[in-house]
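Remarks on the structure that follows.
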Protein chains: 2
Amino acid sequence: MFTLAEENYLKALFHLESESKDGVSTNAIALKLKTKPSSATDMIQKLAEKKVVAYQKYKGAFLTKKGKLIAADVIRKHRLWEVFLVEKLNFQWDEVHDIAEQLEHIKSEELITRLDTFLDHPNFDPHGDPIPDENGVIKSSDKKLLSELEENQQGICVGVKQSDSKYLQYLDKLSINIGSKIKVLNVEEFDGSKTIEVGGKSYFISEKSAQNIYVIN
Amino acid sequence: MFTLAEENYLKALFHLESESKDGVSTNAIALKLKTKPSSATDMIQKLAEKKVVAYQKYKGAFLTKKGKLIAADVIRKHRLWEVFLVEKLNFQWDEVHDIAEQLEHIKSEELITRLDTFLDHPNFDPHGDPIPDENGVIKSSDKKLLSELEENQQGICVGVKQSDSKYLQYLDKLSINIGSKIKVLNVEEFDGSKTIEVGGKSYFISEKSAQNIYVIN
DNA sequence: ATATAGTTTTAGACAAGTCTAAAAATAAAA
DNA sequence: TTTTATTTTTAGACTTGTCTAAAACTATAT
């Protein structure tokens with residue numbers, strides 16, 4: 001069983017690993033977790049003893065297979081709770097992170113199994129990030145930007161890149177939501193703006209705006 | 001802001017106060033929280049400094065007005081989460097306590113407000129215990145046992161006293177659930193057994209069984 | 001009223017997780 | 001290749017919440 005602090009370190013390591021090829025420096029971890037490098041060193045050494053992290057002094061750390069599983073499980077919980085908060089409690093996409101950060105540490109396999117079922121086994125969280133399955137496997141997603149779609153292509157909205165309230169309200173006007181099917185009817189060559197179809201109606205969207213919306217297709 | 005441990009002490013105190021007129025002994029608190037009396041003393045002293053507990057050495061402790069509010073809030077969260085677990089995730093009444101024990105410490109006013117709305121502002125948890133409102137006020141409940149009802153009286157099931165799986169399955173057969181309207185058609189004098197009407201059908205229930213079901217009317 | 005039993009508090013220790021300050025190792029620059 | 005700068009680790013201290021053992025208080029019984 002892992003403590004809250006341990007889980008947070010594993011999660012941070014998981015995210016940092018995917019960004020940098022080499023081992024992750026204790027400094028980078030400290031930065032991510034808003035703590036001091038000395039604290040990170042302490043914890044990484046502890047996690048190394050527990051065999052969830054591989055670590056050599058001054059050489060950085062990375063997750064072992066076991067560590068990756070635990071981290072993926074925490075991330076799974078986090079993202080499932082985010083879906084719950086948005087879909088069921090009507091939070092906006094940008095309001096849920098801090099709450100999910102707490103909920104992800106609730107200990108109960110059964111709870112997550114049932115939550116997953118209740119939410120109808122979602123594959124993506126409200127930010128468009130994939131939700132690992134029960135075995136920690138992350139479906140390699142075809143997540144791309146709406147701006148990358150060409151004429152007559154379509155995709156399902158899985159999230160947004162940056163999400164401030166005003167922008168979300170704008171999306172509401174276009175009836176774009178998670179799960180919305182978006183079809184590109186027309187692309188304007190000179191500025192990349194698009195005409196799209198959402199829910200039977202057509203709308204106009206600028207290239208800049210389309211670069212902020214994630215879709216899978 | 002109160003820590004998880006502090007919240008648990010306040011909650012324990014809240015429950016213990018309602019059982020005994022005098023101040024609550026540190027021993028009783030330790031017993032309830034499965035810790036040692038010395039630990040309880042330490043914590044009570046700390047809470048006294050924070051003005052949420054009134055405490056005199058060797059004389060026991062009780063909650064101040066402020067302490068009561070905080071305790072009621074934790075209990076509110078606990079019970080709302082229990083309703084969620086049972087009504088939405090289909091847990092059984094006896095499986096939810098430990099999970100709610102964790103969920104009750106999640107910090108977010110907004111979350112609880114929305115959860116309350118999502119659950120349609122329930123007044124009772126699955127065990128029939130009343131849910132304090134946003135101001136910590138507990139509706140004085142008319143909770144009684146089904147066995148106390150007389151002929152032609154009726155009540156709404158708000159929970160059970162003891163709940164093992166087998167018993168819950170038995171209740172399912174009688175289509176008794178939280179919120180079920182139960183009408184007493186007939187009471188057998190010599191053994192207290194009853195004929196009741198639930199959902200348009202009539203069933204037979206023993207006195208012993210009726211003593212296990214909470215209703216309000 | 002005094003000895004005894006039971007309860008409650010204090011004192012000191014420990015584990016987890018953090019911090020600061022100083023030492024050690026690595027990387028960069030002259 | 002030295003020197004200098006930067007990164008990383010160690011050492012020691014602090015906080016929270018717990019514990020054990022001992023001391024202080026209260027209640028009980030003779």
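The analysis underlying the following values was restricted to heavy atoms, covering all of them including side chains, and did not include hydrogens, waters or symmetry mates. So you know, we letter chains A, B, ... as the sequences are listed, proteins then strands, and number each from 1.
The stretch residues 35-44 of chain B touches DNA chain C through B/P37, B/S38, B/T41, each having a heavy atom under 4.0 angstrom from the strand. Within residues 1-12 of chain A, no residue has any heavy atom under 4.0 Å from DNA chain D. Listed by residue number, there are no residues of residues 25-34 of chain A with a heavy-atom contact under 4.0 Å to DNA chain C.
Heavy atoms from other residues, nucleotides or ligands lying under 6.0 Å from CD of A/E19 number more than 12. A/F62 CZ: 12 or fewer foreign heavy atoms inside a 6.0 Å radius.
Atom CD of A/Q56 is separated from atom P of C/dA24 by 21 Å (rounded to the nearest Å).
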What protein N or O atoms touch nucleotides 23-27 of chain D N or O atoms at under 3.5 angstrom, if any, and at what distances?
none

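Among residues at least two apart or in separate chains, there is no salt bridge (Lys or Arg N to Asp or Glu O under 4.0 Å) pair with a member in residues 24-42 of chain A. Among residue pairs with one or both ends in residues 3-14 of chain A, those qualifying as salt bridge (Lys or Arg N to Asp or Glu O under 4.0 Å) are A/E6-A/K46, A/E6-A/K50, A/E7-A/K107, A/K11-A/E101, A/K11-A/E104; sequence neighbours excluded.
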For a quick test of your reading: what N or O donor-acceptor pairs under 3.5 Å do the side chains of residues 79-88 of chain A make, sequence neighbours left out?
unit_1 : atom_1 : unit_2 : atom_2 : d
A/R79  : NH1    : A/P130 : O      : 2.7
A/W81  : NE1    : A/L103 : O      : 3.4
A/E82  : OE1    : A/H127 : ND1    : 3.0
A/E82  : OE2    : A/H78  : NE2    : 3.0

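The phosphate of C/dT8 has neither OP1 nor OP2 within less than 4.0 Å of any side-chain N or O from B/Q45.
With sequence neighbours excluded, the residues satisfying salt bridge (Lys or Arg N to Asp or Glu O under 4.0 Å) with A/E110 are A/R114. Shown here are the side chain to side chain donor-acceptor pair (under 3.5 Å) partners of A/N123, two or more places apart in sequence or in another chain: A/K139. Shown here are the side chain to side chain donor-acceptor pair (under 3.5 Å) partners of A/Y167, two or more places apart in sequence or in another chain: A/S209. Every residue was checked against the side chain to side chain donor-acceptor pair (under 3.5 Å) condition with B/N135, not counting sequence neighbours, and none meets it. Partners of A/K194 according to the salt bridge (Lys or Arg N to Asp or Glu O under 4.0 Å) rule, which considers only residues two or more places apart in sequence or in another chain, do not exist here.
One side chain, B/D191 or B/S193, offers a donor N or O that lies under 3.5 Å from an acceptor on the other. A side-chain N or O of A/H105 and one of A/N8 form a donor-acceptor pair less than 3.5 Å apart.
Under a 4.0 Å N-O distance rule, the pair A/D116/A/R76 qualifies as a salt bridge.
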